[in-house]
Amino acid sequence: MSCLLIPLSSVLISTRGSAAIIPLRNSADRFGPVAQILHWLIVLLVLSQFVVGIYAKDLPVGIERLKMLTFHKSVGITVFALVILRLLWRLYTPAPKLPTGMKPLERIGAHASHVLLYTLLLVLPILGWLTSNASNLTVRWFFTFNLPNLVGADPWLANLTKHLHDLGAWLLLALVCLHIAAAFWHELVRKDGVLRRMLPLWMSP
């Protein structure tokens with residue numbers, strides 16, 4: 001244990017000595033490490049959701065399909081919690097302002113797309129949760145504990161929420177693609193640093 005603490009303490013001392021402390025909060029021109037970690041973790045989990053969801057959809061009823069869907073639901077609930085955490089962090093330390101060169105319509109589009117992204121990331125897990133409960137299934141988080149049932153068995157509601165979940169998932173995928181395209185457009189065409197402010201310092205020139 002001590003052999004692990006010595007290198008850690010020496011890194012902290014040398015970091016402080018060189019005045020290279022990285023603030024956790026967002027600054028006026030870039031996101032801090034907490035916001036960056038939450039952002040990229042949510043991105044990875046959301047992308048995994050599409051892979052697992054599409055793979056599990058065509059599986060026959062059986063133990064493998066049950067495991068995949070349990071994992072899918074567990075990740076969805078995790079994303080929901082991380083998004084709540086990120087929104088709370090955003091209230092604590094606001095995001096950097098958009099580049100001054102952006103036109104009013106571009107600013108409105110950027111804000112609207114972010115609001116819709118956050119909305120879908122919060123609504124889709126709830127729709128999946130409702131679908132499971134209405135299908136007389138209890139959501140279990142990574143095979144550890146059961147989440148409370150939001151509704152009782154209801155085939156009509158299960159069918160409705162399932163279709164809404166599927167529709168919302170494809171809309172989320174379209175928004176994610178648009179978000180990625182906009183980030184690279186800002187980086188390669190506008191060159192205003194929008195993409196780089198969400199990257200670690202060692203990746204930003």
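Put simply, CD1 on Ile126 and CG on Leu150 are 6.5 Å apart, with the number rounded to the nearest 0.5 Å. For the atom pair OG (Ser48) and OH (Tyr55), the distance works out to 14.5 Å, reported to the nearest 0.5 Å. Separating the SG atom in Cys177 from the CG atom in Leu172 is a distance of 9.5 Å, to the nearest 0.5 Å. Considering CG of Asn133 and OG1 of Thr161, their distance stands at 9.0 Å, rounded to 0.5 Å. For the atom pair NE2 (His72) and CG (Leu69), the distance works out to 7.5 Å, reported to the nearest 0.5 Å. Annotation: the span from Arg107 atom CZ to Lys103 atom NZ amounts to 12.5 Å, rounded to 0.5 Å.
When every heavy atom of Asn26 is checked against every heavy atom of Gly32, the shortest pair comes out as OD1-N, 2.8 Å. In plain terms, the two heavy atoms of Phe31 and Ala95 that are nearest each other are CE2-CB, 3.6 Å. Residue Pro99 comes nearest to Asp192 through the heavy atom pair CG-OD2, 3.6 Å, listed as atom of the first residue, atom of the second, then distance. Across all their heavy atoms, Thr131 and Ala158 have their closest contact at CG2-O, 3.8 Å. Between Met68 and Val52, the shortest heavy-atom distance links the atoms O-CG1, 3.5 Å. Across Ala134 and Val151, no two heavy atoms sit closer than the pair N-CG2, 3.9 Å.
At a threshold of 4.5 Å between non-hydrogen side-chain atoms, the residues Met198 and Arg30 do not count as touching. Contact of the Leu199 side chain with the Trp40 side chain is registered, since non-hydrogen atoms from C-beta on lie closer than 4.5 Å. Pro94 has its side chain out of reach of Trp89: every pair of non-hydrogen atoms, C-beta onward, lies at least 4.5 Å apart. In this structure the side chain of Leu117 reaches within 4.5 angstrom of the side chain of His179, judged on heavy atoms. Two residues are said to be in side-chain contact when any heavy atoms from C-beta on lie closer than 4.5 Å; His111 and Leu98 meet this criterion. Residues Phe80 and Leu121 are not in side-chain contact: their nearest non-hydrogen atoms beyond the backbone lie 4.5 Å or more apart. At least one side-chain heavy atom of Leu124 sits under 4.5 Å from a side-chain heavy atom of His165. Looking only at side-chain heavy atoms (C-beta outward), His186 and Leu195 stay at 4.5 Å or farther from each other.
Hydrophobic clustering (side-chain heavy atoms under 4.5 Å, transitive across Ile, Leu, Val, Met, Phe, Trp, Tyr) keeps Phe143 apart from Leu147. By the rule that hydrophobic residues join a cluster once side-chain heavy atoms approach within less than 4.5 Å of another member, Val46 and Leu167 end up as members of separate clusters. Under a hydrophobic-cluster definition in which Ile, Leu, Val, Met, Phe, Trp and Tyr are linked whenever side-chain heavy atoms come within less than 4.5 Å, directly or via other members, Phe145 and Val79 are assigned to the same cluster. Each of Val75 and Leu66 belongs to its own hydrophobic cluster when Ile, Leu, Val, Met, Phe, Trp and Tyr are linked at side-chain heavy-atom distances under 4.5 angstrom. Transitive grouping of hydrophobic side chains (ILVMFWY, heavy atoms separated by less than 4.5 Å) brings Leu38 and Leu122 into a common cluster.
Looking at Ser74, its side chain does come within 3.5 Å of a backbone N or O of Arg140 through a donor-acceptor pair. A donor-acceptor pair under 3.5 Å is absent between the side-chain atoms of Lys67 and the main chain of Glu64, judged by distance alone. In this structure a side-chain-to-backbone donor-acceptor pair under 3.5 Å is missing from Thr138 to Asn146. Looking only at distances, a side-chain donor or acceptor of Arg25 sits under 3.5 Å from a matching main-chain atom of Tyr92.
Remark: the Thr70 side chain and the Trp141 side chain contain no N/O donor-acceptor pair separated by less than 3.5 Å.
More than 12 heavy atoms of other residues, nucleotides or ligands sit less than 6.0 Å from atom CZ of Phe142. Within 6.0 Å of CG on Leu88 lie more than 12 heavy atoms contributed by other residues, nucleotides or ligands. By the 6.0 Å contact criterion, NE2 on His39 is enclosed, its count of non-hydrogen atoms from other residues, nucleotides or ligands being greater than 12.
Glu106 and Arg190 are joined by a salt bridge, as a carboxylate oxygen and a charged side-chain nitrogen come within less than 4.0 angstrom of each other.
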(Q) Using the rule given for side-chain contact (heavy atoms from CB on, under 4.5 Å), can you reason through Leu82 versus Leu41, listing the C-alpha separation, both sets of side-chain angles and the distance that settles it, and then say yes or no? (A) CA-CA 9 Å; Leu82 289 174; Leu41 182 56; 3.7 Å; yes
Q. Yes or no on side-chain contact (heavy atoms from CB on, under 4.5 Å) for Lys73 and Ile77, after CA distance, side-chain angles and deciding distance?
A. CA-CA 6 Å; Lys73 296 170 190 177; Ile77 296 300; 5.6 Å; no
